[in-house]
Protein chains: 2
Amino acid sequence: MPHSPPFPFEVLSQADEKLLAEAGSVQVFQRREELFLEGKLPTAVYILQRGKVKLFTTDLQGREQIVHLARPGDLMGYRAVLGNDAFSCSAAALETASVLVIPKALFFQMLDHSPALSHYLIRLLTTELRHAEHHLAGLARKHVRSRLAEVALLLAETYGYEKDGSTLAVQLTREEVAGLVGTATETVIRLLHSLRDEGLLATDGRKIRLLDIPGLQKLAESS
Amino acid sequence: MPHSPPFPFEVLSQADEKLLAEAGSVQVFQRREELFLEGKLPTAVYILQRGKVKLFTTDLQGREQIVHLARPGDLMGYRAVLGNDAFSCSAAALETASVLVIPKALFFQMLDHSPALSHYLIRLLTTELRHAEHHLAGLARKHVRSRLAEVALLLAETYGYEKDGSTLAVQLTREEVAGLVGTATETVIRLLHSLRDEGLLATDGRKIRLLDIPGLQKLAESS
DNA sequence: CGTCTTCTTGAATTCCTTCAATACATGTGG
DNA sequence: CCACATGTATTGAAGGAATTCAAGAAGACG
């Protein structure tokens, strides 16, 4: 369900934009490179400019639970900064990503004299919270099978399709899909096959084609 | 994990406080009475003054998933209002609750000329989002057994204890506990017995006494 | 080409759900 | 205050869903 409104450079004053250009920096991360780590103290907020990034927590057994998928325009790390707290999750690039890094002090400065930015942040947080709660209610009650269908639709909604109009424009390992669904890698594999057998989707390595969206939606709603 | 900072009347200007006194109204709800319903359009935000309230969604099979427990000082329904959207969950009193009802227009008015209120809301949303994500990661991966231990600790953290210092100051039906944990009522019953047999807690009807908090914490962390 | 990661499959087991039946509690109207 | 109706709690048994472990195949990558 993560699809937050993109960061609105429009809400920034000219002065802020200038500050940003001076104090902010653009960094590039390759697949698997980490932008920041769960438990560390934040020094900046991050705006994704190009590429794809996953936000995830790691449990004691070393398994990843992905809590958010970011796309260009998304603001990351701002919760730790706002709450003056350690990062509650880690962030890593899913594919080459370029990121605008805004030092903490600058972010607060901008926040202080921009009511528009405050209001934007409130909207953003509201959206994310709604998604988190929806996700939560789903995880608690639905079978893994339904959740997998939901994740397939989520990926489509978040990153869209290739030119063919049906192949997901993001490629994840089975393990990463498992981290999204909240299940074991083996279960993802078996259930992907099961959904394939029912004609809901097709797989080719890490490529996934959605063949029957209404069918997937129905499955995602059920159980 | 819901324990948001209480609504700070201090951040309100004198003018706002006056408006609130004039346009706001206090309503009392008995146990099971609903403050608002999932899917309906909001007309107000709600500040809990006394009592306990659950926020929950209902799935197709009619099972409730509790997404938040509110306590005095908590603001409710503000997300639907902010997002100009239908309520994403319902709210019902767990015990007699008195609630300050603030009409939507008034809330926006207050928000518009109070940066302090904006900043407060940002903090509030940040806190709730962190809790939601933590809850989410837990639900996805942990066994029901661990989640039940977590819920017991959550209830203690949220509503505290009776005078004896160990009995939870909130009484829920087994079904409500199941709605918090995300499981079936029967499973809650069986696992409560199992935790009792291990000396982690004791039950007497709907009263629950926590006997071994470190033990419960250890269990909640694991699996 | 060989190594390392990722993917796949099978089998056993655990955990949890569901259904069904019964006990207990609670509260209401007579 | 009792009798009954309703809602809640409990227990057993059967079945199903998903995890775990183990082992092998396929793919990626230097």
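Order of the sequence lines sets the chain letters (A, B, ...), proteins ahead of strands, with each chain counted from 1.
- Atom CD in A/Gln171 sits about 11 Å away from atom P in C/dC7, given to the nearest Å.
- The separation between B/Glu176 atom CD and D/dT8 atom P is 9 Å, rounded to whole Å.
- With values rounded to the nearest 0.5 angstrom, B/Thr183 atom OG1 is found 10.0 Å from B/Gln65 atom CD.
- For A/His193, the side-chain atoms get nearest to C/dT8 when compared with the rest of C/dT18, D/dT20, C/dT8.
- Side-chain atoms of B/Thr167 and B/Arg209, non-hydrogen and from C-beta on, do get closer than 4.5 Å to each other.
- Between the side chain of A/Arg190 and the base of C/dG10, at least one donor-acceptor pair of N or O atoms lies under 3.5 Å.
- Annotation: the span from A/Leu48 atom CG to A/Leu69 atom CG amounts to 11.0 Å, rounded to 0.5 Å.
- At the heavy-atom level, A/Arg32 lies under 4.0 Å from the strands shown only through sugar-phosphate atoms.
- In this structure, B/Leu148 places its CG atom 15 Å from P of C/dC15, rounding to the nearest Å.
- Contact check for B/Glu133 versus A/Arg79: side-chain heavy atoms found under the 4.5 Å cut-off.
- In terms of position along DNA chain C, the nucleotide closest to A/Gly205 lies nearer the 5' end than the nucleotide closest to the other residue of the pair A/Ala140 and A/Gly205.
- Within 4.0 Å of B/Thr183, counting heavy atoms only, lie sugar-phosphate atoms of the nucleic acid but no base atom.
- A donor-acceptor contact under 3.5 Å is not formed by the side chain of A/Arg196 with the base of C/dT8.
- Nearer the 5' end of DNA chain D, as judged by each residue's closest nucleotide, is the contact made by B/Ile189, out of A/His143 and B/Ile189.
- In this structure, CG of A/Leu191 is placed 15 Å from C1' of C/dC7, rounded to the nearest angstrom.
- Atom CG of B/Leu192 and atom C1' of C/dC16 are 15 Å apart (whole Å).
- You'll find that the side chain of A/Arg174 is closest to C/dT8, out of D/dT20, D/dT8, C/dT8.
- Atom NZ in B/Lys207 sits about 14 Å away from atom C1' in C/dA25, given to the nearest Å.
- Summarising the geometry, the separation between CD on B/Glu175 and P on D/dT10 is reported as 13 Å, rounded to the nearest angstrom.
- At the heavy-atom level, B/Thr187 lies under 4.0 Å from base atoms of the strands shown.
- B/Arg63 comes within 4.0 angstrom of sugar-phosphate atoms only, judged by non-hydrogen atoms across all strands, and of no base.
- The residue among B/Thr185 and A/Arg147 whose nearest nucleotide of DNA chain D is located toward the 5' end is B/Thr185.
- Using a 4.5 Å cut-off on side-chain heavy atoms (C-beta onward), A/Leu180 and A/Leu155 make contact.
- As a whole-Å value, the separation of B/Asp204 CG from C/dC24 P is 15 Å.
- Remark: the B/Arg206 side chain and the C/dT26 base include no donor-acceptor N/O pair separated by less than 3.5 Å.
- Checked against A/Glu176 for a salt bridge (charged side-chain N to carboxylate O under 4.0 Å, His left out), the options A/Arg31, A/Arg206, A/Arg32, A/Lys52 give a single hit: A/Arg31.
- Among the nucleotides C/dC7, C/dT9, C/dC19, the one closest to any side-chain atom of B/Glu186 is C/dC19.
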